Student: 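Right, I'll just put the structure down here and ask away after.
Residue numbers count from 1 along this sequence. This one's a predicted model, so the numbers in the text were calculated from it and none came from an experiment. All values below were derived from every heavy atom in this structure, side-chain atoms included, with hydrogens, water molecules and symmetry-related copies excluded.
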Amino acid sequence: MPVLEFEESPWIPSSERAQRSRQHERGTSAERRYKRSHRRSPTSNTYRRHRHRHHGAAAHSRRHGEHSRRSYSSQSSRAPSVEDDEDGHLIYRHGDVLRERYKILATLGEGTFGKVVKVKDMDVDRVMALKIIKNVEKYREAAKLEINALEKIAQKDPEGRHLCVKMIDWFDYHGHICIAFEMLGLSVFDFLKDNNYQPYPLEAVRHIAYQLCYSVKFLHDNKLTHTDLKPENILFVDSDFDIIYNNKRYSFQKRDIRRIKRTDVRLIDFGSATFDDEHHSTIVSTRHYRAPEVILELGWSQPCDVWSIGCIVFELYLGITLFQTHDNREHLAMMERILGPIPYRMARKTKTKYFYHGKLDWDEKSSAGRYVRENCKPLHRYQASDDQDHRNLFDLIARMLEYEPTSRIPLSEALRHPFFDKIPHHQRLGEYRGSSEDSRERSHSLSRLQSLDGYSNVR
């Protein structure tokens with residue numbers, strides 16, 4: 001199994017419940033520090049940096065027992081000292097053994113909430129990822145929220161059939177909450193970045209999107225909203241790849257292209273996951289995947305995850321971020337440019353100051369206005385081909401990006417969308433194993449509908 005190779009590990013929890021509003025606005029989780037300036041804006045032919053005025057947002061057993069400080073006779077297992085740095089990170093060296101069981105092999109990532117290390121569980125001779133939370137009260141509390149969510153997920157799905165990452169163990173090590181997870185591969189974002197933002201093949205997009213919808217539907221069915229869905233939080237089980245020679249004559253990138261061998265994924269980072277009966281912070285989600293009802297502070301529930309999935313699927317398909325901005329008003333302007341006007345009801349109901357008489361207060365002649373106009377276009381114009389597969393994909397994305405949460409496609413319906421008809425039988429999950437005859441009929445109906453409206457509802 002390949003080792004995770006994060007610049008900033010997606011294993012770091014994305015926020016703590018008590019401070020979500022502030023944390024999410026400046027950067028919810030550690031991995032948000034990935035340099036999104038390396039991403040391309042939607043119409044750029046080269047990698048764009050954020051414009052000058054946009055700055056990157058900042059990405060069981062003895063649960064309360066003390067570690068026994070004793071000398072180890074084995075040279076390969078030495079007793080660690082228990083000391084923290086000035087930020088509250090545990091100071092460790094490779095070879096340290098925690099709780100006489102977890103031997104630290106390498107550092108996988110570091111973020112606001114702590115560090116993630118590759119460890120060997122010496123009890124069962126297994127390699128796993130161990131998230132070591134800072135010895136700081138607010139981060140400990142955030143970790144406990146994530147553990148609570150993961151334990152309830154495990155109770156509902158002990159076999160892991162719904163593709164959420166498996167928590168293997170957790171413990172308190174001298175004030176550091178430590179959570180052990182199964183070892184996985186790269187995130188779909190890291191793979192994309194390492195592949196110079198070459199988009200995923202359509203079949204890979206289809207399978208990843210299908211699994212994501214299935215996994216998140218499981219959360220929704222159990223009254224849980226993830227709230228921080230993004231490519232960094234979707235990990236390949238195995239990120240091995242083949243090299244494909246790039247023979248495009250006029251390609252500005254002559255380097256070879258990586259093709260993922262296996263597109264099985266797992267959903268991670270439940271540090272912001274919120275149950276229906278828990279407090280809902282005003283602001284959730286990483287900026288680029290944030291739903292309009294969140295920006296407009298109209299309240300949110302499970303449909304905000306569906307919006308995020310729509311943004312993610314677009315990004316996998318094109319290799320670019322759909323909404324590349326860090327400003328609320330500009331974000332809304334991009335939405336209107338891509339998806340059409342924001343509904344009057346939402347504009348009138350919001351208490352934010354982004355609208356005037358029900359219309360977005362936005363100067364299209366300003367430099368920001370020109371940027372949006374030049375870098376964003378109606379959604380259907382991003383479609384790379386007019387083939388039915390591509391039309392199906394963009395129909396699904398459009399339904400996920402409905403402004404009104406109540407109008408947004410539910411994941412139970414999304415999983416039966418014609419775009420997923422070509423998922424092979426061996427990749428189908430749960431009850432979503434419709435007959436080929438039903439699939440053909442749905443595809444035919446959608447094709448007929450699209451030919452009639454011609455995407456006329458998008459300007």
Student: Between the main-chain N or O of G340 and the side-chain N or O of Y403, is there a donor-acceptor pair closer than 3.5 Å?
Tutor: yes
Student: Is it true that the side chains of D264 and Q427 contain a donor and an acceptor less than 3.5 Å apart?
Tutor: no
Student: Is there a side-chain contact (heavy atoms from CB on, under 4.5 Å) between K261 and D238 once you walk through the steps?
Tutor: CA-CA 8 Å; K261 289 182 177 180; D238 184 339; over 6 Å; no
Student: Using distance alone, with no hydrogens and no angle criterion, decide if E151 and W170 have a side-chain donor and acceptor under 3.5 Å apart.
Tutor: yes
Student: Is a side-chain N or O of R337 found less than 3.5 angstrom from the main chain of R373, in a donor-acceptor match?
Tutor: yes
Student: Compute both the distance and the angle, then confirm whether K152 meets the cation-pi test with F270: under 6.0 Å from the six-membered ring centre, within 45 degrees of the axis.
Tutor: no
Student: Taking D389 first and then R206, would you say they form a salt bridge - that is, a charged N and a carboxylate O separated by under 4.0 Å?
Tutor: yes
Student: So with a 6.0 Å cut-off around CZ of R161, is the heavy-atom count from everything else above 12?
Tutor: no
Student: Answer yes when K138 and E141 have at least one side-chain N-carboxylate O distance shorter than 4.0 Å, and no when they do not.
Tutor: no
Student: Compare all side-chain heavy atoms of Q198 with those of R258 and state whether any distance is below 4.5 angstrom.
Tutor: no
Student: Nearest 0.5 angstrom please: I257 CD1 to D242 CG, how far?
Tutor: 12.5 Å
Student: For the aromatic rings, using the six-membered ring if either is Trp, is the centroid distance between H326 and H331 under 6.0 Å?
Tutor: no
Student: Are the side chain of Y317 and the backbone of F394 linked by a donor-acceptor contact shorter than 3.5 Å?
Tutor: no
Student: Can we say R391 and D395 salt-bridge, meaning some charged N sits less than 4.0 Å from an Asp/Glu carboxylate O?
Tutor: no
Student: Less than 4.5 Å apart, any side-chain heavy atom of C376 and any of Y382?
Tutor: yes
